[in-house]
2 protein chains.
Amino acid sequence: MSKAALTRIHILQKAFDLIYRQGFQATSIDEIIATTELTKGAFFYHFKNKDEMGLAMIRELLAPAMQIALIEPLQKAEDPLDAIYEMMESILLKDSFFLSSYGCPAVNLIDEMSPVNESFRLALLEIMMAGKEAMEATIQRGMDQGRIRKDVKPSQVSAFVLIGYSGVRNMGKLVGAACYPIYLRELRTYLQNLA
Amino acid sequence: MSKAALTRIHILQKAFDLIYRQGFQATSIDEIIATTELTKGAFFYHFKNKDEMGLAMIRELLAPAMQIALIEPLQKAEDPLDAIYEMMESILLKDSFFLSSYGCPAVNLIDEMSPVNESFRLALLEIMMAGKEAMEATIQRGMDQGRIRKDVKPSQVSAFVLIGYSGVRNMGKLVGAACYPIYLRELRTYLQNLA
DNA sequence: CAAAAAACATACCAGATAGTATTTTATGTC
DNA sequence: GACATAAAATACTATCTGGTATGTTTTTTG
């Protein structure tokens, strides 16, 4: 990896840290470059403008992170319902990077940017759709195995679970991580009723 | 109501409209007063600063609106589970003010402001706690009536429903109102399983 | 090693932003 | 109707913001 490519992702990483905590619009370019050892010249050499940097951040950092946190745990699992629950438990309770008080970076960006920037919306939509499809496939697998009722609609269930995830992230900002176990308990009974 | 009091809530209402669509930090005072027929002098006569205006808006406009949308439908209902479902259906599908593409103003503010402003967090917390308590009481009523199983935990269920609400608001920004009916269907089966 | 191009630094700008200081206009009260 | 005060208008400022223009330093390549 070239030195230039390294400074590029260095900028993206520092930007990610700040945007995660403050939001995209509330994080200035000056603030980002201040945390790196770089200047504005470097920033605008690597990125056409702030929006392009944000989109690059979504595609190159956020999407892979969500892939690892959301999708991969679903794919390498035996019992599908357990897999969904454990994925959720892991991302909420064990993941040390996604802090409760700052929510989930993907959910945050959806909330902030979807209504005001169509490019952001589409980039974030891709991430969530990938997660949804992975969960659908997992549920379908469970139905094929006879572990899940035949009348269950994979698309609806996966949507409901993802909705719960973004919801509990929002609630977590308000009341802290205390709501995570509560949500997980109800999620568990909801999932059990699918069997 | 004095003329001064009228201009005060006029400012708050216009601010609410803009903040609902753009977020609090992304909405400037100049923008707010431009939509009114007023000037900065009026704004800073009625509010010490932007934050105080935001808090007044939450307390004087948002809290009553949420009270009407969330709490009152729960209180004047016979069957508790139906009441919860219908409240949710009403707020998602029938309410013409809370637009899908802009989500719910309360959820939006929680997402944006909770991590960065403790006063906002507390004001928003009150709103959500009031909603949660109303739903808890409704569920408890259902248990007393024998319409809901004895092992159901009102606190957990109401938390789960509110989490679902904020989650579907987030998802609605990403994919539009199409996700509302999907969420409602799964919510219905979830609620039915409590009986 | 010299030229060319890439990578980054510096200095600057125009517009926006929250907030202030001061002045003007309404409004109520005696 | 004079007077006090409330309500609002005007003019201004310091700071911040995204972005540009133009340098300077590396790095690559012939």
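Below, chain A is the first sequence line, B the second, and so on; all start at residue 1.
As a whole-Å value, the separation of B:Phe24 CZ from C:dT17 C1' is 13 Å. What separates CZ of A:Phe44 from C1' of C:dC13 is a distance of 13 Å, to the nearest Å. Rounded to an integer number of Å, the gap from NZ of A:Lys48 to P of D:dG19 is 10 Å. Taking atom CE of B:Met53 as the reference point, atom P of C:dG19 lies 10 Å away to the nearest angstrom. Put simply, NZ on A:Lys50 is 8 Å from C1' on D:dG18, counting in whole angstrom units. The distance from atom CZ of A:Phe43 to atom P of C:dA7 is 16 Å, rounded to the nearest whole Å. Remark: P of D:dA7 and CD1 of B:Ile11 are 12 Å apart, rounded to the nearest angstrom. Atoms CD (B:Glu52) and P (C:dA18) sit 15 Å apart, rounded to a whole Å.
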Could you write out each protein N or O paired with an N or O of nucleotides 22-29 of chain C at a distance under 3.5 Å?
from	atom 1	to	atom 2	distance (Å)
C:dT27	OP1	B:Lys3	NZ	3.4

Using a cut-off of under 3.5 Å, enumerate the N/O to N/O pairs linking the protein to nucleotides 9-12 of chain C.
from	atom 1	to	atom 2	distance (Å)
C:dA9	OP2	A:Thr39	N	2.9
C:dA9	OP2	A:Thr39	OG1	2.9
C:dA9	O5'	A:Thr39	OG1	3.3

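Across all strands shown, B:Ser2 has no heavy atoms under 4.0 Å from either base or sugar-phosphate atoms.
Residues A:Val168 and A:Tyr180 have side chains in contact (heavy-atom distance under 4.5 Å, counting atoms from C-beta outward). With a 4.5 Å cut-off on side-chain heavy atoms, B:Thr35 and B:Asp17 do not count as touching.
Judged by the 6.0 Å distance and 45° axis criteria, B:Lys50 is positioned over the aromatic ring of B:Phe24.
For the segment residues 27-35 of chain A, residues with any heavy atom less than 4.0 angstrom from an atom of DNA chain D are, sorted by number, A:Thr27, A:Ser28, A:Ile29, A:Asp30.
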Starting from the C-alpha separation in whole Å, work towards a yes-or-no answer on side-chain contact (heavy atoms from CB on, under 4.5 Å) for A:Lys173 and A:Asn108.
CA-CA 10 Å; A:Lys173 288 184 175 185; A:Asn108 294 355; 2.9 Å; yes

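Not a single donor-acceptor pair under 3.5 Å links the side chain of B:Lys40 to the backbone N or O of B:Asp30. In this structure a side-chain-to-backbone donor-acceptor pair under 3.5 Å is missing from B:Asp111 to B:Val107. Using a distance-only test at 3.5 Å, with no hydrogens or angles considered, a donor-acceptor pair links the side chain of B:Tyr20 to the main chain of B:Gly103.
Side chain to side chain, A:Asn170 and B:Asn170 fail the donor-acceptor criterion of an N or O pair below 3.5 Å. Residues B:Gln25 and A:Gln25 bring no donor and acceptor atom of their side chains to less than 3.5 Å of each other.
The side chain of B:Tyr45 approaches D:dA7 more closely than any other nucleotide in the set C:dG19, D:dA7, C:dA6.
In this structure, the salt bridge (charged side-chain N to carboxylate O under 4.0 Å, His left out) partners of B:Asp79, at least two apart in sequence or on a different chain, are B:Arg147. Under the rule for a side chain to side chain donor-acceptor pair (under 3.5 Å), B:Glu78 has no partner lying at least two apart in sequence or in another chain.
Using a 4.0 Å cut-off, no side-chain N or O of A:Thr7 falls inside it from OP1 or OP2 of C:dA7. Checking the phosphate oxygens (OP1, OP2) of C:dC8, a side-chain nitrogen or oxygen of A:His46 falls inside 4.0 Å.
Judged as a side-chain hydrogen bond (donor to acceptor under 3.5 Å, both in side chains), the pairs with a partner in residues 123-140 of chain B (not counting sequence neighbours) are, in order, B:Lys132-B:Glu136, B:Lys132-B:Ser155, B:Gln140-B:Asp144.
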